[in-house]
Amino acid sequence: MTIAVASGKGGTGKTTVSVAMALSTERNVSLLDCDVEEPNAGLFLKLGQIKSEEVSVVVPSVIEDKCTHCGLCADFCNFNALAVTENKVIVFEDLCHSCGGCFLVCPVDAFQENNSVIGKLEIAETGNLRFARGILDVGKAMSPPLIRAVKKHLSKDRLNIIDCPPGNSCPMTTAVKGSDYVILVTEPTPFGLHDLTLAQEVLKEMDIPVGVVVNRHGNEFRGIEEFCERENIEILMKIKEERKIAEACSRGGNIFDVRPEMKEVFNGVLGKIESYARDSKK
């Protein structure tokens with residue numbers, strides 16, 4: 001089973017929840033940090049030896065002797081990764097989605113494949129936990145290929161938890177795609193409600209069931225509860241705003257260091273989600 005942990009915006013406690021979910025169970029679990037622009041889940045784990053490998057994508061380059069500058073490749077490219085002048089073809093690698101369309105439409109086979117490194121994949125294991133994360137190189141704009149590389153470490157034999165990128169655009173949808181369930185982490189503020197609403201709309205289109213975890217709960221704002229009631233979304237858990245939790249996380253610890261009784265609560269949420277998933281497949 002695969003559970004993705006997402007949020008409409010950064011800073012809501014998504015990684016705190018992802019790590020706590022993974023540490024709350026004694027079963028074999030894989031935690032995949034797909035927030036490749038800012039992968040920080042590993043900071044809260046006691047990782048042993050880390051294996052690392054480069055991740056690259058295929059980008060086109062032009063064989064000038066063959067190119068007729070007909071412009072079909074630039075016309076085809078929806079991402080504006082190619083510009084054709086009277087005597088030159090310019091490839092903007094950072095805009096290329098590696099779809100291969102330019103290879104297909106070129107009438108004279110004037111393209112050849114080049115590998116462009118976009119980041120690295122790191123893998124580690126500690127106890128029952130297998131951990132994988134992607135680290136996007138500085139200056140690289142295309143994170144979905146690296147996210148897909150991390151997701152190759154999903155395991156059918158394990159409980160998979162995906163720590164997603166914030167927001168609602170391509171990186172987030174790439175991370176949650178194929179998940180059985182998405183936990184949306186939010187905070188009880190108007191900003192939190194706004195971004196929760198956007199994220200829920202995206203996941204509704206993707207037809208993935210969602211539940212909500214309210215982090216830093218404690219003020220009088222009722223917008224999150226009213227929204228979830230209106231949309232028939234279950235609030236799985238409310239985590240009180242506590243200074244000692246923030247201090248534990250700031251030291252590289254986790255929520256169980258100061259609230260060990262919460263482990264049972266998180267494990268109960270996992271059980272509830274798995275029960276929902278089993279019932280929905282009947």
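All residue numbers refer to positions in the sequence shown, counting from 1. Small disclaimer: the values here were computed from a predicted structure and weren't measured.
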Checklist entry - Between Phe256 and Phe266, how do the two ring planes meet: parallel, tilted or perpendicular, split at 30° and 60°? => result perpendicular
Next on the checklist: Which residue is it: Ile255, Val265, Val214? I am looking for the one with a side chain to side chain contact (heavy atoms under 4.5 Å, CB included) to Ile239.
Outcome noted: Ile255
Next on the checklist: Could you go through Lys14 and Asp35, starting from their C-alpha distance and side-chain angles, then the distance that decides it, and tell me whether this counts as salt bridge (Lys or Arg N to Asp or Glu O under 4.0 Å)?
Outcome noted: CA-CA 10 Å; Lys14 170 179 58 59; Asp35 188 0; 3.8 Å; yes
Checklist entry - Taking 4.0 angstrom as the limit, do Glu53 and Lys51 come out as a salt bridge? => result no
Next on the checklist: I'd like to know if Phe131 and Leu23 are part of one continuous hydrophobic network [Ile/Leu/Val/Met/Phe/Trp/Tyr, side-chain heavy atoms within less than 4.5 Å].
Outcome noted: yes
Checklist entry - Can you name the closest pair of heavy atoms from Leu159 and Glu274 and give their distance? => result CD1-OE2, 4.4 Å
Checklist entry - Can you check whether Val5 reaches Val213 side chain to side chain, under 4.5 Å on heavy atoms? => result no
Next on the checklist: Would you say that Val57 contacts Met142 through its side chain, given a criterion of any heavy-atom pair below 4.5 Å between the two side chains?
Outcome noted: no
Next on the checklist: Using side-chain heavy atoms (C-beta onward) and a distance below 4.5 Å, is Arg259 in contact with Lys244?
Outcome noted: yes
Checklist entry - Which atoms form the tightest heavy-atom contact between Phe221 and Leu193, and what is the distance? => result CZ-CD2, 4.0 Å
Next on the checklist: Using the rule given for side-chain hydrogen bond (donor to acceptor under 3.5 Å, both in side chains), can you reason through Thr12 versus Asn215, listing the C-alpha separation, both sets of side-chain angles and the distance that settles it, and then say yes or no?
Outcome noted: CA-CA 7 Å; Thr12 59; Asn215 193 24; over 6 Å; no
Next on the checklist: I need the minimum non-hydrogen distance between Lys177 and Met206, along with the two atoms involved.
Outcome noted: CA-CE, 4.0 Å
Item to check | Heavy-atom pair with the smallest gap, counting every atom of Ala149 and Val55 | outcome: CB-CG1, 4.0 Å
Item to check | Ile90 side chain reached by Leu82 side chain, heavy atoms, under 4.5 Å | outcome: no
Checklist outcome for this item: Looking only at heavy atoms, the pair that brings Ser18 and Ile162 closest together is OG-O, 4.4 Å
Checklist entry - Is there side-chain contact between Ile233 and Phe227, with heavy atoms separated by less than 4.5 Å? => result yes
Checklist entry - salt bridge (Lys or Arg N to Asp or Glu O under 4.0 Å) between Lys238 and Glu225: does it pass, once the steps are laid out? => result CA-CA 11 Å; Lys238 294 177 180 177; Glu225 286 87 347; 3.1 Å; yes
